[in-house]
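Sequence lines set the chain letters: A, B, ... in the order given, protein chains first and strands last, and positions in each chain run from 1. Reckoned from all heavy atoms, side chains included, excluding hydrogens, waters and symmetry mates.
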Amino acid sequence: MAKTYQHSEIESKWSRRWEEEGVYRSKIDWSKPKHYALTMLPYPSGDLHIGHWFAMTPSDARARYMRMKGYNVLFPMGFDAFGLPAEQAAISRNIHPWKWTYSNIERMREQLRSMGAMFDWEREIITCTPEYYYWTMWFFKKFYEHDLAYRGMALVNWSPTLQTVLANEQVKDGKDERTGQPVIQKMMEQWFFRITKYADELLNFDKLDWPEPVKIMQQNWIGRSEGAKVTFHTEAGDPFEIFTTRPDTLWGATFMVLAPEHPLVDKVTTPEYAEAVEAYREQTARATEIERMSEDREKTGVFTGGYAINPVNQERIPIWIADYVMISYGTGAIMAVPAHDQRDFEFARKYGLEIRVVIQPEGEPLDGKTMTSAVTGAGVMVNSGPFDGTVSNDQKGRQNPAISAVIDWLTEQGIGEESVNYRLRDWLISRQRYWGAPIPMIYRADGTIEPASDDNMPILPEDVDFLPTGRSPLTYHEPFLNTVDSEGKPARRETDTMDTFMCSSWYQYRYLSPHYDKFPFDPEEAAYWLPVDVYTGGAEHATMHLLYTRFFTKAMRDMGLFEEVAKIQREHGRDPEGLFDEPMLLLRNQGQVLGAERKGDIIMAKGRMVDGKLYADYVEVIPNQEDAPSNFEGVVGEIMDRVENILHVDIGASELQIVEVENDAVIVIPNIEGEARVDQLKHHLEIQRMSKSKGNVVNPDELVQAYGADTVRAYLMFAFDWQKGGPWDPQGIQGIVRWINDVWDMVTNTTLPAQGTPEVERDVLRKAHQAIKQVSDSLERFSFNTGVAALMSLRNEVRPALRENQVGEKTWREVMNIMLRLMAPFTPFIAEELWEKLGEPFSIHQQPWPEYNAELAAENEVTLVVQVNGKVRDRIQVPANISEEEAKNIALSSDTVQQFMNGNTPKKVIYIPHRNMVNIVV
RNA sequence: GGGGGAGUGGCGGAAUUGGCAGACGCGCAUGACUUAGGAUCAUGUGGAGAAAUCCGUGUGGGUUCGAGUCCCACCUUCCCCA
């Protein structure tokens, strides 16, 4: 009897062999087509999560498939290693970020290796190494040289007590999450990247095979709107610009609103209103931008005492300030047309400002005094001087004749012009942190700024003190702070570091040559591998990361960084035209694995009832609600929640029964040895994200130990729609265990007859070829679950045939050979082991993908489905090559069909050949 | 509030362009083997019905010879943005 399947033995054996023989090294080979498969790199948080397995192993399976299909595949892995958690560990646990990060990486690298993925570890990158972040800084300087990086003002979360800037995720309800100290919004000088310069190009997705929702999200994020810029003047004559998408409503502007931070506020505010304005500005500083933009928040504002002149009709209208106008959006000033804008309408109603109708819809005439909400639809312009009677449809921009006409007129009059505005703002990259790539800029004594020279690029100092002040240690590290400028004069370094999205914006290029020291990437490697063919990762990166990396690539292209690459490509006869417009051609998002649902314990509890609350002195866990004695006096039901010794029990009423378990109560839990405690009572767990606090985390290491990596991989690919994810079901893995054992059995434990049964052998071979097609299709389409299903189906056909001794050695060998190669992408270890047992040469992962033979896969008999009026009435076995005429005749002559036709003559007979179906219409 | 998904057996999920709904698996049921079964094997498994048959893809309408799939309205739910 052959040895049974021993996963741990096999997995360590082949991991070693693959490593030794360099099976997964990817080297340039211009004679082969290339395939660059990339999956998002993890943050080294310390432990590999089941979610990482879910994201990476299917991507690996597809990369392996492409390799067997004859592509030269690059599938690298690395770590996105800068970021806040490392710094927080440093402060709270006194571990240096380097140390914390590196020990996490070492641990995770081992866990990643256990996956059996075809990562080329010689190409590993770690973004927090100087070898990597030198180039991140280098990119910053390039951007600066090309005027894509600049210094500007931005609102930041400022903690007055700590004298430091906080990240958005550190602020909760306007307070510092950790200290509870108030946080205010403050304008500060920060570094920006000019991503808005590329706004229009980023809206073009022509070259991209990306999920539609991602493209839509990016579109909304960029938020292009067409309209006009119009110059207003204050009464005193100071000009200020506003942007509007509705210039056709200019005559309906009854007041102006400035952002509280607008520079003109001080000038227009009259002494009488100065105090109120100042108070309001202080109040605004306490609200975050997200709160301010919330639409269901009540609009507030104050009058400045100042007036503006409407350039279209010379009307004098009041200037207000309100926090719903953002200084960073548009020009920080708006004209308010309450009749035709909902936010302005609410504001006007609240403060008793005039509402004037200038677009009159058909039907009911509007009256500003009685309207209950703004009217934004189509209508005819009224009260609009020369434009009265012009039709405004509900189109945007130039599509709308009224808007178009007004824009032309504004241009003529010299008071405005056509303009496009974006919701997208420039990318703020400054972070007041230690654990990031330093911004390589130097502040000179004369007040000017210059980039650090290549040999003076800052390296993060290690000998820093992490004080719980919240300030970056760089700000008080003298040796880092003090440097010299290009003329050798004393100067000061920038102490801010870069947003970690910087690191991940170009990592796909560093994988090409992680140790190359003349350029961010080796042009020879880039010429062959670029661009990324397939990118997989979480949908949560739809906007930020994916927009930034697209911007980066376009900027790199325009800065000429791919010129050398293009030259090499031409030498190899590859046309570089358009190859560097986008970083990743095809994108697919995986879903999320959620925690399993768990039923709470059913309990019966008794004690004394006080004010509807039960103080229990006895609690017993019972298998079912019905198992409680019918005369039981107390509470019976499922525990839905438990906080300390308070239970929330579902007793079938509309509200949950509160049960407080007394300290000395008797607790009976069957299955638990010794004395039971209240915290051993299990409460109901809903399907939700895994988290340590909920106790529903699935640990991949334990699963691998119990079942083997192959089984875990296959189960993750089988049990979910990969692009959707879903709740983890601990029971379902049995199906994979059985399948793998059966496969093992089919290869190793078979005594074969001298002669097989020809028909059965034909069937088995047919099934194998059908599987080739199904598995190939499923991998092409990222539909991994159907691929595994096809392999199981093959097992279902082959295994009984083998057990009944109906398959001879030749066919057995042929079918096993196909089956193992089809399994190789999904379960690389066992496929390799059994491949060896079949006596085939190392390695299965370097074998060609099995070739599909349509003739062998074809059935000779098929089921003809006969419908009458669209309902299935009969199924008839017919030869597969039946003609349309024959099929129709057979269908019409069926007794059952005749019965349902009720003696009527058919009106129409429809034949669908590829579905083997006839529909008779009577 | 805006945008985007998703609703299919007890459960996870299948179903090219509209063409046999429920592949594959879990679970469950019955039986076999067995000292035992959380192993294995066999059979069954959407609902109702003895059966013929009827009903079934969130709800209501529509288009079509034919709708899980397309169109309209609605409900529920998840995600993103605000």
**Q** Pairing check on B:rC70: which nucleotide meets the Watson-Crick or G-U wobble criteria with it, both distances under 3.5 Å?
**A**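 WC or wobble partner is B:rG62.
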
**Q** So, is B:rG9 syn or anti if syn means the angle is within 90° of 0?
**A**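 What B:rG9 shows is a syn base, its glycosidic angle lying within 90° of 0.
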
**Q** Look through every strand shown and name the nucleotide pairing with B:rG7 as Watson-Crick or G-U wobble, where both distances are under 3.5 Å.
**A**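 Result: B:rC75.
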
**Q** Among B:rC80, B:rC65, B:rG12, which nucleotide sits nearest the side chain of A:Lys908?
**A**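 Looking only at heavy atoms from C-beta outward on A:Lys908, the closest nucleotide is B:rC65.
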
**Q** Would you classify A:Val865 as touching base, sugar-phosphate or nothing, given that sugar-phosphate means primed atoms plus P, OP1 and OP2, and contacts are heavy atoms under 4.0 Å?
**A**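 Answer is base: heavy atoms of A:Val865 come under 4.0 Å of a base.
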
**Q** Whether the A:Glu859 and A:Gln770 side chains hold a donor-acceptor pair (N or O, under 3.5 Å, no angle test) is what I'd like checked.
**A**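 The criterion, which ignores hydrogens and geometry beyond distance, is satisfied for A:Gln770 and A:Glu859.
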
**Q** Measure from the side-chain heavy atoms of A:Pro213 and tell me the nearest of B:rG4, B:rC20, B:rC24.
**A**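 Nearest to the side-chain atoms of A:Pro213, counting from C-beta on, is B:rG4.
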
**Q** Look at the side chain of A:Phe718 and decide which nucleotide, out of B:rG12, B:rA6, B:rC65, has an atom nearest to it.
**A**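 Nucleotide nearest to A:Phe718's side chain: B:rG12.
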
**Q** Looking at B:rA82, which nucleotide sits across from it as a Watson-Crick or G-U wobble partner, both distances under 3.5 angstrom, or is there none?
**A**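 Partner of B:rA82: none.
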
**Q** Would you indicate what A:Lys907 reaches in the nucleic acid, counting non-hydrogen atoms under 4.0 angstrom: base, sugar-phosphate, or nothing?
**A**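 Touches nothing.
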
**Q** Hey, does A:Asn919 reach any base, or is it just sugar-phosphate, or nothing, if we go heavy atoms under 4.0 Å?
**A**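 Base, at least one base heavy atom under 4.0 Å.
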
**Q** Counting only Watson-Crick pairs (N1-N3 plus N6-O4 or O6-N4) and G-U wobbles (N1-O2, O6-N3), all under 3.5 Å, who is the partner of B:rU40?
**A**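 Pair assignment: B:rU40 / B:rA32.
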
**Q** Using both distances under 3.5 Å as the test, list the Watson-Crick or G-U wobble partner of B:rG27, or none.
**A**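 Because both required distances fall under 3.5 Å, B:rG27 counts as paired with B:rU45.
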
**Q** In whole angstrom, what separates A:His914's NE2 from B:rG19's P?
**A**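 Interatomic distance, NE2 of A:His914 to P of B:rG19: 8 Å.
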
**Q** Compare the minimum distances between each of B:rC24, B:rC26, B:rC20 and the side chain of A:Gln867, then state the nucleotide with the smallest one.
**A**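 Nucleotide nearest to A:Gln867's side chain: B:rC20.
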
**Q** How about A:Gln774 and A:Thr786: does a side-chain donor come under 3.5 Å of a side-chain acceptor?
**A**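 The criterion, which ignores hydrogens and geometry beyond distance, is not satisfied for A:Thr786 and A:Gln774.
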
**Q** So that I can tick it off, tell me whether A:Arg349 and A:Glu346 are bridged by a salt bridge, with the cut-off set at under 4.0 angstrom between side-chain N and carboxylate O.
**A**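 The answer is no: the pair does not qualify as a salt bridge.
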
**Q** What is the separation between atom CG on A:Leu791 and atom C1' on B:rA23, rounded to the nearest whole Å?
**A**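 That distance rounds to 14 Å.
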
**Q** For a quick check of understanding: with a heavy-atom distance under 4.0 Å over all strands, which category does A:Asn916 fall into, base, sugar-phosphate or nothing?
**A**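 Touches nothing.
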
**Q** Look at A:Lys773 together with A:Asp777 and state whether they make a salt bridge at an N to O cut-off of under 4.0 Å.
**A**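 Yes.
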
**Q** Would you call A:Arg224-A:Asp200 a salt bridge at under 4.0 Å N-O?
**A**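 Counted as a salt bridge, because a side-chain N and a carboxylate O are separated by less than 4.0 Å.
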
**Q** Decide whether A:Asn421 and A:Ser225 meet the rule of one side-chain donor and one side-chain acceptor closer than 3.5 Å.
**A**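 The criterion, which ignores hydrogens and geometry beyond distance, is not satisfied for A:Ser225 and A:Asn421.
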
**Q** What nucleotide, of B:rG27, B:rG3, B:rC24, holds the atom closest to the side chain of A:Asn220?
**A**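 Within the option list, the nearest is B:rG3.
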
**Q** Checking all strands, does A:Gly725 fall into the base, sugar-phosphate, or nothing category for heavy-atom contacts under 4.0 angstrom?
**A**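 Sugar-phosphate only.
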
**Q** Consider the side chain of A:Val921, meaning its heavy atoms from C-beta on, and name the nucleotide among B:rC24, B:rA14, B:rC65 that approaches it most closely.
**A**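 Nearest listed nucleotide: B:rC65.
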
**Q** B:rC20, B:rC81, B:rC80: which one has an atom nearest the side-chain heavy atoms of A:Arg875?
**A**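 In terms of side-chain proximity for A:Arg875, the closest of B:rC20, B:rC81, B:rC80 is B:rC20.
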
**Q** Return the pairing partner of B:rU16 with a 3.5 Å limit on both distances, Watson-Crick or G-U wobble; otherwise return none.
**A**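 In the structure as shown, B:rU16 has no Watson-Crick or wobble partner.
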
**Q** Can you tell which of B:rA82, B:rG3, B:rC24 lies closest to the side chain of A:Ile216?
**A**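 Within the option list, the nearest is B:rG3.
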
**Q** Closest to the A:Arg915 side chain: B:rG19, B:rA82, B:rG25?
**A**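 Selected nucleotide (nearest to the side chain): B:rG19.
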
**Q** Measure from the side chain of A:Arg738, starting at C-beta and using heavy atoms only, and say which of B:rC26, B:rC55, B:rG19 lies closest.
**A**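 Of the options given, the side chain of A:Arg738 lies nearest B:rC26.
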
